[in-house]
Amino acid sequence: MTKEYQDLQHLDNEEGDPRQLRKDSQLQEELRALRETFSNFTASTGAEVTALSTKGDSVGKKMKSLESELEKLQQDLHEDHSSLLLHVKQFVSDLRSLSCQMATLQGNGSQHSCCPVNWVEYEGGCYWFSRTGKPWPEADRYCQLENAHLVVVTSRAEQKFIEHHIGFLNTWMGLSDPEGSWKWVDGSSYELGYKNWRPGQPDDWSGHGLGGGEDCAHFTNDGRWNDDVCQRPYRWVCETELGRPG
């Protein structure tokens, strides 16, 4: 037997060795198990990452919601504080006016200036708020008979004061444009003065079917101004100087 033949026979014996085959099969099983474990680990890790990402989004949304709620609370607190200050200021003014009126009735108020009974004092002026409605021209005449005029708004503070007393009702003011240009009844400058029109107003709308345009201004339910037909029966506000004879 030659050496080459012996080597080939030995090689055949190794390739067909049952022990070697078992080792190969075991290695393949271990490899499959490792692959399955790795696959499961990857899937599990992916699911955890997705869950964490979802929780992160949820936390982010919750944070934004809390920030929004905090801003709303701060805004409400500021508005409540402003409203409380206005109430306190009005209470002091009403108390002073009542004391002045009592002194006048008792005959010892000659050195005092105060608003007429049922009028409200504010920043050196007296205001009367109607509880019924009239067309603008009739409301204007009513104020004149009281030695006053329809209210002329000169500042944001005065606007807020009026809003506080008229509530959410349409109310005439002393502003009109029967000749095509807006004018205050006391001659104050409209162009240089305070304005609080609603967006898109005044528009002199003629589609109301009542004839003509809209030549008189009024406070709307949110306090902002609108032009309307002068014959509508709205409430109104009269204004006069503090201490002016009625």
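Just so it is clear, the structure is predicted and the values come from calculations on it, not from any experiment.
- Note that the CZ atom of Arg235 and the CG atom of Asn170 stand 10.5 Å from one another [nearest 0.5 Å].
- Contact detail for Glu163 and Arg156: the closest heavy-atom pair is OE2-NH1, 3.8 Å.
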Worksheet item: Val152 and Glu239: side chain to side chain contact (heavy atoms under 4.5 Å, CB included), yes or no, with the steps?
Response: CA-CA 8 Å; Val152 175; Glu239 176 186 7; 4.1 Å; yes

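- The shortest side-chain heavy-atom distance between His218 and Met173 does not fall under the 4.5 Å cut-off.
- Legend: residues meeting ring-ring contact (aromatic ring centres under 6.0 Å, His included) with Tyr127, ordered by chain and number and at least two apart, are Phe161.
- Looking only at side-chain heavy atoms (C-beta outward), Gln144 and Cys238 stay at 4.5 Å or farther from each other.
- Here the CH2 atom belonging to Trp136 is positioned 10.0 Å from the CZ atom belonging to Arg141, to the nearest 0.5 angstrom.
- Residues Tyr190 and Trp184 keep their aromatic ring centres 6.0 Å or farther apart.
- Rounding to the nearest 0.5 angstrom, the gap separating the OG atom in Ser176 from the CG atom in Asp215 is 7.5 Å.
- Here the closest non-hydrogen pair linking Val185 and Leu150 is CG2-O, 3.5 Å.
- At least one donor-acceptor pair under 3.5 Å links the side chain of Thr171 to the backbone N or O of Leu169.
- By the 4.5 Å heavy-atom criterion applied to side chains, Glu121 and Leu242 are counted as neighbours.
- Separation of atoms NE2 (His164) and CZ (Phe129) is listed at 9.0 Å; rounding is to 0.5 Å.
- One N or O on the side chain of Lys195 and one on the backbone of Glu191 form a donor-acceptor pair closer than 3.5 Å.
- The two residues Ala148 and Trp119 have their closest heavy-atom pair at CB-CH2, 3.8 Å.
- A side-chain donor-acceptor contact under 3.5 Å links Arg198 and Thr220.
- A side-chain donor from one of Trp225 and Gln159 sits under 3.5 Å from a side-chain acceptor of the other.
- The minimum heavy-atom distance between His208 and Gly213, with the atom names listed, is NE2-O, 3.4 Å.
- Taking Tyr142 as the reference, Trp128, Trp236 meet the ring-ring contact (aromatic ring centres under 6.0 Å, His included) condition, with sequence neighbours excluded.
- Between Cys216 and Leu175 there is no side-chain heavy-atom pair separated by less than 4.5 Å.
- Listed by chain and number, the residues in a side chain to side chain contact (heavy atoms under 4.5 Å, CB included) with Asp227 are Trp182, Trp197, Gln201, Pro202, Asp203, Asp204, Glu214 (sequence neighbours excluded).
- Minimum interatomic distance between Trp172 and Ala139 (heavy atoms only, all atoms of both residues): CD1-CB, 4.4 Å.
- At a threshold of 4.5 Å between non-hydrogen side-chain atoms, the residues Asn147 and Thr240 do not count as touching.
- Rounding to the nearest 0.5 angstrom, the gap separating the CG atom in Asn221 from the CG atom in Asn226 is 10.0 Å.
- The backbone N or O of Arg224 sits less than 3.5 Å from a side-chain atom of Asp222, completing a donor-acceptor pair.
- Considering NE2 of His149 and OG of Ser188, their distance stands at 7.5 Å, rounded to 0.5 Å.
- Scanning both residues, Glu158 and Val151, for their nearest heavy atoms gives OE2-CG2, 4.3 Å.
- Looking only at side-chain heavy atoms (C-beta outward), Pro135 and Gln231 come within less than 4.5 Å of each other.
- Annotation for Tyr194: atom OH counts as buried by contact number, over 12 foreign heavy atoms lying within 6.0 Å.
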